[in-house]
Amino acid sequence: MFSIVMPYALTLIGVLVGDGNDFMAFAVFFTVIGVVWTFIAATVKEFRGKGLLALEAGHAVIWLLFNFSPELLGKAIGLVIALPIAILVGVVGLSFFRGLSADDSAPAMPRQEDDRTPLQRVPNIIYDGGNGRWQLVNRGYDTATYESDDGRQVVLRHAEMGRSGANTNEGYFHW
């Protein structure tokens, strides 16, 4: 689609630039690029005969329409200037209102407070750095004792706790 529409935009730019009669060479240059681009794109998309002629005739229609109708050319220039501004205002406005509506429409979820200490939230089975399994033996207020399958024990203290692991003098344990 881009390869078919863009050449017409180049021809339109050429007509808009060439309107002052001082830049007619630019107008012809842009139009020639548009015509060649249309020919290449139509050939690649396997347009033959009448289809190719219809696509190329679009450039002639743009030249005839805008060169013999100054009012229409003025409207086209206004559209070329106003369209990017309108798109920018629309995007900014939409993002502003979407941001407000997202905050207003979502019900506030009550935050559930967990008054347990970090050691009380630790699971009954934790794993060491080698993914060896350790089972809970005893849980106190600020310590928890775990035992490995081969009988070794480690004590986790509240100060050693993180969100998903504990760094002890015996190594790092995760859950």
Side-chain angles (χ1 to χ4, degrees), residues 1-14 16-17 26 29-30 33-47 51 55 58-59 62 75-175:
M1 172 104 177
F2 177 80
S3 62
I4 296 296
V5 173
M6 192 59 194
Y8 296 118
L10 285 174
T11 299
L12 182 61
I13 290 170
L16 295 177
V17 168
F26 285 122
F29 178 70
F30 280 126
I33 290 175
V35 168
V36 170
W37 189 343
T38 300
F39 179 77
I40 292 170
T43 304
V44 168
K45 293 181 185 282
E46 298 182 2
F47 284 102
L55 288 173
H59 296 282
I62 290 172
K75 289 179 182 177
I77 291 171
L79 183 64
V80 167
I81 292 170
L83 195 60
I85 294 171
I87 290 172
L88 180 65
V89 167
V91 167
V92 169
L94 183 64
S95 65
F96 177 74
F97 287 116
R98 183 173 284 170
L100 286 179
S101 66
D103 291 342
D104 294 340
S105 65
M109 295 291 293
R111 185 174 167 177
Q112 294 178 345
E113 295 294 328
D114 192 359
D115 55 352
R116 297 181 300 168
T117 66
L119 278 173
Q120 291 172 333
R121 285 186 232 130
V122 175
N124 291 338
I125 297 175
I126 63 173
Y127 301 93
D128 60 16
N131 282 334
R133 189 174 77 151
W134 294 70
Q135 292 185 348
L136 180 68
V137 176
N138 183 22
R139 186 188 321 249
Y141 181 76
D142 60 350
T143 62
T145 305
Y146 285 88
E147 185 175 75
S148 69
D149 292 338
D150 61 0
R152 295 180 294 149
Q153 287 193 348
V154 65
V155 176
L156 300 182
R157 291 175 179 75
H158 176 58
E160 301 168 334
M161 302 294 295
R163 179 174 264 165
S164 61
N167 196 14
T168 69
N169 58 353
E170 300 290 328
Y172 184 76
F173 292 86
H174 63 277
W175 44 89

Legend entry - Student check: side-chain heavy atoms of D128 and V154 closer than 4.5 Å: no
Inset, instruction - Quick one: pull up OH in Y146 and CG in N124 and give me the separation to the nearest 0.5 Å. - result: 6.5 Å
Inset, instruction - Would you please say whether a donor-acceptor pair under 3.5 Å links the side chains of E147 and Q135? - result: no
Inset, instruction - Looking only at non-hydrogen atoms, find the nearest pair between V122 and R139 and report the distance. - result: O-NH1, 2.8 Å
Inset, instruction - For D149, check side chain to side chain contact (heavy atoms under 4.5 Å, CB included) against everything at least two apart and list the hits. - result: R133
Legend entry - Reported CG-to-CG distance for the pair D142 and L156, which is rounded to 0.5 angstrom: 11.5 Å
Legend entry - Flag side-chain contact, heavy atom, 4.5 Å: Q153 against V155: no
Inset, instruction - Write down the atom of T168, the atom of F173, and the distance for their closest heavy-atom approach. - result: OG1-CE1, 3.5 Å
Legend entry - S164 side, atom OG; I126 side, atom CD1 - distance, nearest 0.5 Å: 12.0 Å
Legend entry - Considering all heavy atoms, the nearest W175-P123 contact: CB-CG, 3.4 Å
